[in-house]
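Chain identifiers are assigned alphabetically (A, B, ...) following the order of the sequence lines, protein sequences preceding nucleic acid strands; residue numbering begins at 1 within each chain.
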Amino acid sequence: MYCLYPANYSSSTTDMEYNFRAIEKKWQEQWDQSHAYRVSNNGPKPKCYVLDMFPYPSGAGLHVGHPLGYIATDIYARYKRLKGYNVLHTMGYDAFGLPAEQYAMETGQHPAVTTAANMKTFRKQLDNIGFCYDWERQINTSDPGYYKWTQWIFLQIFESWYNRTTQKAEPISGLVNIFEKDGNAGLICPGDRTIQFTAAQWQGYSEKEQRDILMQYRLAFLAYAEVNWCAALGTVLANDEVINGVSERGGHPVVKKKMRQWFLRITEYANRLLEGLETVSFSDAMKEMQRNWIGKSQGAEIKFAVKNSTSHVDVYTTRPDTIFGVDFMVVAPEHDLVQKITTPAQQADIDKYLDYVKSRSERERMADVKQITGCFTGAYAINPFDGREIPVWIAEYVLAGYGTGAIMAVPCGDQRDFGFAKHFNIPITNIIGDAFNGQEANPTKDAKLQNSGFLDGMDMRPATDVVINKLEALGIGKRQINYKMRDAGFSRQRYWGEPFPIIYKDGIPYGMDEKDLPLELPHVENYKPGEEGEGPLANITDWVNVAPGVKRETNTMPGYAGSSWYFLRYMDPHNSHTFADRKATDYWNQVDVYVGGTEHAVGHLLYSRMWTKILFDLGHIGFDEPFKSLINQGMIQGSSRFVYRIHGTHQFVSAGLKDNYQTDKLHVDVNFVDGVTLNTAAFKKWKPDYYEATFILEDGQYICGTEVEKMSKSKYNTVNPNELVEKYGADTFRMYEMFLGPVEQSKPWDTKGIEGVHRFLKKLWRLFADEQKSLLVNEQAATPEEMKILHKTIHKIDQDTSSFSYNTAVSQFMICVNELATMRCHKRSILEPLLILLTPYAPHLCEELWQYIGNNESILNALYPVYNEQYTKESTFNYPVAINGKTRAEMGFALDADTAAIEKEVLASEIVQKWLEGNPPKKVIIVKGRMINVVI
RNA sequence: GCGGGUGUGAUGAAAUUGGUAGACAUGCCAGACUUAGGAUCUGGUGCUUCACGGCAUGGGGGUUCGAGUCCCUCCACCCGCACCA
């Protein structure tokens with residue numbers, strides 16, 4: 001357990017010890033009353049927008065991992081304020097989501113009720129830590145006043161198409177105008193490339209036919225896609241709820257089922273999302289992840305005729321140069337073509353294989369590379385260049401959603417194709433001569449082609465173009481840019497999400513009238529799914545059926561709907577006329593610094609970037625990238641503790657002795673463990689099961705096993721920030737979280753070191769006041785040494801704070817206070833600037849001392865001290881003197897000393913003479929102000 | 001499988017970005033003050049050696065006067081993979 005201080009509940013802050021509880025309470029109340037964190041949407045100061053990824057308000061509350069990023073941004077926001085900026089710093093809740101609904105199913109409590117309660121808990125925990133959020137701007141995505149605008153934006157997307165010529169989203173009404181005049185000539189339909197019609201044809205279409213075509217162009221559109229269908233539960237499951245092919249709850253089988261669902265056509269934005277990365281400052285790793293997700297590749301689409309059939313197999317390949325090495329084709333099992341080309345003789349085998357694939361998750365299909373599966377369709381494709389017959393297979397490793405859902409397999413050049421060919425005894429054609437050894441594929445691009453018809457003898461790289469040109473000339477293929485990214489599924493068969501502002505008239509979807517928004521989520525009595533896997537809303541018939549033949553959409557939007565634009569709502573959160581006033585969005589513009597975890601690298605960040613681009617294209621905002629810079633906080637992991645129970649008994653054996661027994665490993669609450677030593681008395685009282693526990697000790701103690709895992713309630717390794725704030729105060733807690741290490745780095749939580757930070761704050765306090773003598777601060781002039789440490793500190797803190805290097809900033813504060821304490825410096829001219837520097841980190845303590853030494857204005861608005869180099873300049877440097885790179889001595893020289901003079905003195909020194917052993921040095925390297933190296 | 005990240009004392013980490021490895025803390029050891037210490041202060045603390053010295057930044061190799069930092073290669077762990085948010 002933690003060591004305990006005597007409870008220090010005095011409400012007075014005039015006694016001269018560091019009474020953090022009273023101080024923090026006092027200033028939090030005062031700042032609240034004075035609206036110290038209220039921010040206006042204008043003013044003469046430059047703006048700065050500092051944003052945290054807002055949390056999902058889970059029932060478990062905050063643990064110490066959550067505030068890591070929040071503290072970092074809070075320090076930054078306070079720092080920028082002291083530097084003279086108008087800082088927008090806000091917090092809210094991403095309050096729609098699956099856990100609340102699951103909880104509702106288990107307990108019958110309405111998600112709105114539990115969510116409100118959770119938000120209250122979060123707020124209390126956040127307040128405890130002393131953040132400078134403007135809480136008047138708090139938002140909640142499940143509030144109708146908020147999701148009204150989520151629905152409104154959805155309608156904008158629904159009523160838009162992506163004009164590939166102008167490269168932006170435009171209103172669908174403009175597209176209709178074009179169709180009426182010219183048909184869709186030159187406007188490739190993104191939903192179905194085969195759609196072609198003239199103006200006359202368009203005008204002849206029925207409304208349904210016209211709207212069906214428009215749907216293929218819309219940026220929010222309906223299409224069929226597979227979901228995880230659990231027949232036993234009668235519901236669609238999230239990937240999270242499926243474990244090894246069965247439902248998490250109940251262990252029932254889960255299969256794929258096609259359902260009509262909403263999608264966002266994010267693929268139209270693929271290229272802009274890629275290019276936009278050049279304009280933002282995200283880490284290289286983050287950009288790399290987004291690039292890989294978008295997955296742009298260049299290659300060719302090739303049409304292969306199928307023998308004795310009118311069908312053809314379209315494949316996408318990045319390596320058209322290897323076309324003579326194609327030994328088989330693989331079509332995705334769910335591809336429409338499969339049923340058309342399978343021969344009667346193979347039908348039974350194919351059906352069996354399709355059943356198998358239905359039970360496999362996409363992840364399993366891609367990850368299980370050792371287990372090669374597939375099935376021959378009986379059909380043969382024809383190589384257009386040499387007429388070779390190529391067997392067509394289906395295999396789970398080819399996914400329908402990528403490219404054309406079919407590949408040409410070149411075993412000598414692709415390892416997976418190679419493995420497949422070996423496994424099914426398909427003969428391998430070698431088109432790269434010696435570069436292929438027959439043992440493994442060689443994916444080289446730098447070989448000379450052989451066995452390749454008209455390409456024989458050609459290098460692979462130029463051959464690519466030759467093949468594509470020929471394909472295009474023959475009209476059986478074309479150059480094609482492809483993206484791995486798929487359109488984003490936007491439907492959930494769930495209750496607790498935004499209802500779609502869509503009604504179906506005779507099955508045709510229409511957007512609702514803006515003036516009827518928000519379409520509020522109706523109250524339901526239970527959360528059971530509707531028929532055929534529809535969401536619970538389908539059961540509320542009088543809500544669904546608006547009028548005869550007029551029905552509402554019963555799906556709801558996914559979690560990322562509300563979070564794709566929330567940063568805009570903070571700018572103008574109470575506006576009831578628009579999602580955010582254009583003046584406000586123009587003023588605040590992009591988020592200057594956005595902080596959150598890497599787990600959002602490809603989901604949330606890509607979606608919000610897309611929404612921003614759409615709103616920009618449609619003229620609603622003036623910028624097309626939401627986040628100017630992004631910092632990824634590391635994950636705080638939990639350090640779990642384990643006890644070992646001898647199988648079938650109540651006896652627990654210490655970790656060092658466990659191998660002598662057959663034991664069960666059980667999590668134990670980390671709060672019962674000091675380091676690795678178990679508090680056996682507390683453990684026995686933990687659960688009734690353990691009341692009769694007995695222990696086999698080593699050296700008189702019970703030692704626990706340890707493991708680093710995700711911090712989670714179920715693993716009993718969570719640490720609640722409230723308890724630490726209670727014991728040490730918010731200022732200590734804030735600084736300790738920062739002192740742990742770089743914000744970007746993941747690390748397991750360990751409470752042990754928090755004492756050191758607390759001691760530091762107490763030591764700082766004693767520079768100002770003392771139990772016996774009370775106020776110590778005096779008006780004496782500072783010495784050069786004192787000015788030197790002060791200005792060194794200003795320099796380092798300013799730099800580190802602006803670059804989010806908070807761990808090293810905290811150590812600099814410690815170094816500074818240690819030195820000042822040694823010098824017994826109590827001078828106002830030194831301590832006052834130091835307090836301002838520290839304010840972003842420990843605001844309560846700094847405000848208290850600031851007022852204590854006679855300031856009347858709040859330190860929150862003080863002026864940041866300015867570094868003056870003149871106080872830190874050194875005239876001499878203590879050079880490390882190395883022999884062959886190994887430091888052997890130190891010698892001091894003036895920084896402006898002559899190199900030759902230094903060399904002479906170094907060579908003459910006793911230690912260097914000793915190592916030289918009378919020989920002349922081979923070389924002497926002198927780096928001014930750095931080091932000296934003598935090579936012998 | 002693919003993609004991204006991390007690896008330095010007993011522990012969290014630092015290292016002016018190729019220049020004294022281990023700053024600052026925690027822990028531990030010794031001491032001072034003290035009725036007391038859970039306050040405070042002082043000193044010590046990578047490993048090894050009596051010492052001179054030698055060895056140390058996940059393993060192996062390389063470039064360099066000089067490598068934690070750059071290059072090659074191998075290993076271990078963590079995170080994500082499209083319906084958790």
Is rG9(B) syn or anti, taking syn as a glycosidic angle within 90° of 0? syn

Mind checking if Gln493(A) touches a base, just sugar-phosphate, or nothing, with heavy atoms under 4.0 Å? base

Once you apply the 3.5 Å cut-off to both distances, tell me the Watson-Crick or G-U wobble partner of rU11(B), or none. rA25(B)

P gap between rC24(B) and rC71(B), integer Å: 31 Å

Between rC55(B) and rG22(B), how far apart are the C1' atoms? Round to whole Å, please. 16 Å

When you measure from the side chain of Asn933(A), which nucleotide among rU40(B), rC24(B), rG66(B) comes out closest? rG66(B)

Would you say the side chain of Asn239(A) and the base of rC83(B) hold a donor-acceptor pair, judged only by whether the two atoms sit under 3.5 Å apart? no

Is Glu890(A) touching bases, backbone alone, or none of the nucleic acid, heavy atoms closer than 4.0 Å? base

Side chains of Thr872(A) and His791(A) only: does a donor on one sit below 3.5 Å from an acceptor on the other? no

Pairwise P distance, rA67(B) and rG58(B) [rounded to whole Å]: 15 Å

Got a donor-acceptor contact below 3.5 angstrom from the Asp94(A) side chain to the Pro55(A) backbone? no

To the side chain of Ala238(A), which of rA82(B), rC83(B), rC55(B) is closest? rC83(B)

When rounded to the nearest Å, what value does the distance between P atoms of rG66(B) and rA21(B) take? 14 Å

Any donor-acceptor N/O pair, Asn292(A) side chain to Gly295(A) backbone, under 3.5 Å: no

Would you tell me if any nitrogen or oxygen in the side chain of Arg291(A) comes within less than 4.0 Å of OP1 or OP2 on rG3(B)? no

Base, sugar-phosphate alone, or nothing: which one does Ser563(A) contact when heavy atoms must sit under 4.0 Å apart? nothing

Does the side chain of Thr150(A) come within less than 4.5 Å of Thr141(A)'s, by heavy atoms? no

Under 4.0 Å, heavy atoms only, any strand: does Met485(A) hit a base, just the sugar-phosphate, or nothing? base

Assign His600(A) to base, sugar-phosphate, or nothing according to its heavy-atom contacts below 4.0 angstrom with the strands shown. base

Closest heavy-atom pair and its distance - Arg416(A), Asp414(A): N-OD1, 2.9 Å

rC83(B) phosphate, OP1 or OP2, under 4.0 Å from Arg492(A) side-chain N/O: yes

Quote, to the nearest angstrom, the P distance that separates rC65(B) from rG7(B). 29 Å

With a non-hydrogen cut-off below 4.0 angstrom, is Lys922(A) in contact with a base, only sugar-phosphate, or nothing? nothing

For Arg494(A), answer base if it contacts any base atom (sugar-phosphate contacts may also be present), sugar-phosphate if it contacts only those atoms, and nothing otherwise; contact means non-hydrogen atoms under 4.0 Å. nothing

Pick the closest RNA chain B nucleotide for Gly885(A) and for Val810(A) by heavy atoms, then say which residue is nearer the 5' end. Val810(A)

Below 3.5 Å, does any donor atom in the side chain of Gln102(A) face an acceptor in the base of rC84(B), or the other way round? no

Ile815(A) has its side chain closest, among rG27(B), rA23(B), rG80(B), to rA23(B)

G-U wobble or Watson-Crick pairing nucleotide for rU40(B) (cut-off 3.5 Å, both distances): rA32(B)

At under 4.0 Å between heavy atoms, what does Ala601(A) touch on the DNA or RNA strands: base, sugar-phosphate, or nothing? nothing

Glu226(A) near the nucleic acid: base, sugar-phosphate alone, or nothing, with a heavy-atom cut-off under 4.0 Å? nothing

Mate of rA67(B) where both pairing distances stay under 3.5 Å, Watson-Crick or G-U: none

Side chains of Asn818(A) and Lys763(A): is there a donor and an acceptor less than 3.5 Å apart? yes

With heavy atoms under 4.0 Å as the rule, sort Thr808(A) into base, sugar-phosphate or nothing. sugar-phosphate

Judged by each residue's nearest nucleotide on RNA chain B, which is more toward the 5′ side, Gly97(A) or Gly756(A)? Gly756(A)

Would you say the side chains of Glu755(A) and Tyr728(A) form a donor-acceptor pair under 3.5 Å? yes

Just name whichever nucleotide pairs with rC77(B), Watson-Crick or G-U, keeping both distances under 3.5 Å, else none. rG5(B)

What's the gap between rU8(B) and rA76(B) when it is taken at their C1' atoms, as a whole Å value? 16 Å

Who does rC84(B) pair with, Watson-Crick or G-U, both distances under 3.5 Å? none

Among the candidates rG5(B), rC83(B), rC81(B), find the nucleotide nearest to the side-chain atoms of Ala285(A). rG5(B)

Respond yes when some side-chain nitrogen or oxygen of Lys914(A) is under 4.0 Å from OP1 or OP2 of rG53(B), and no when none is. yes

Look at the side-chain N and O atoms of Lys710(A) and state whether any lies under 4.0 Å from the OP1 or OP2 oxygen of rG80(B). yes

Pair Arg609(A), Gln290(A): side-chain N/O donor-acceptor within cut-off below 3.5 Å: yes

Using Watson-Crick geometry (N1-N3 plus N6-O4 or O6-N4) or G-U wobble (N1-O2, O6-N3), each under 3.5 Å, rU20(B) is paired with none

Base, sugar-phosphate, or nothing for Lys484(A), non-hydrogen atoms under 4.0 angstrom? base

Which way is the base of rU17(B) turned, syn or anti, if we draw the line at 90° from 0? syn

Would you indicate what Pro742(A) reaches in the nucleic acid, counting non-hydrogen atoms under 4.0 angstrom: base, sugar-phosphate, or nothing? sugar-phosphate

Base, sugar-phosphate alone, or nothing: which one does Val881(A) contact when heavy atoms must sit under 4.0 Å apart? nothing

From the candidates rU11(B), rA82(B), rC65(B), the one with an atom nearest any side-chain atom of Asp750(A) is rU11(B)

Taking only the C1' atom of each, what is the distance from rA15(B) to rG4(B) in whole angstrom? 26 Å

What do you reckon, are the aromatic ring centroids of Phe490(A) and Trp262(A) less than 6.0 Å apart? no

Could you check whether Asp94(A) gets within reach of a base, just the sugar-phosphate, or nothing at all, counting any heavy atom under 4.0 Å? sugar-phosphate

How far, in whole Å, is rG31(B) from rU20(B) if one measures between their C1' atoms? 31 Å

Of the listed nucleotides rC83(B), rC24(B), rC65(B), the one nearest the side chain of Val935(A): rC65(B)

Nearest to the Met289(A) side chain among rG4(B), rG12(B), rU26(B), which nucleotide is it? rG4(B)

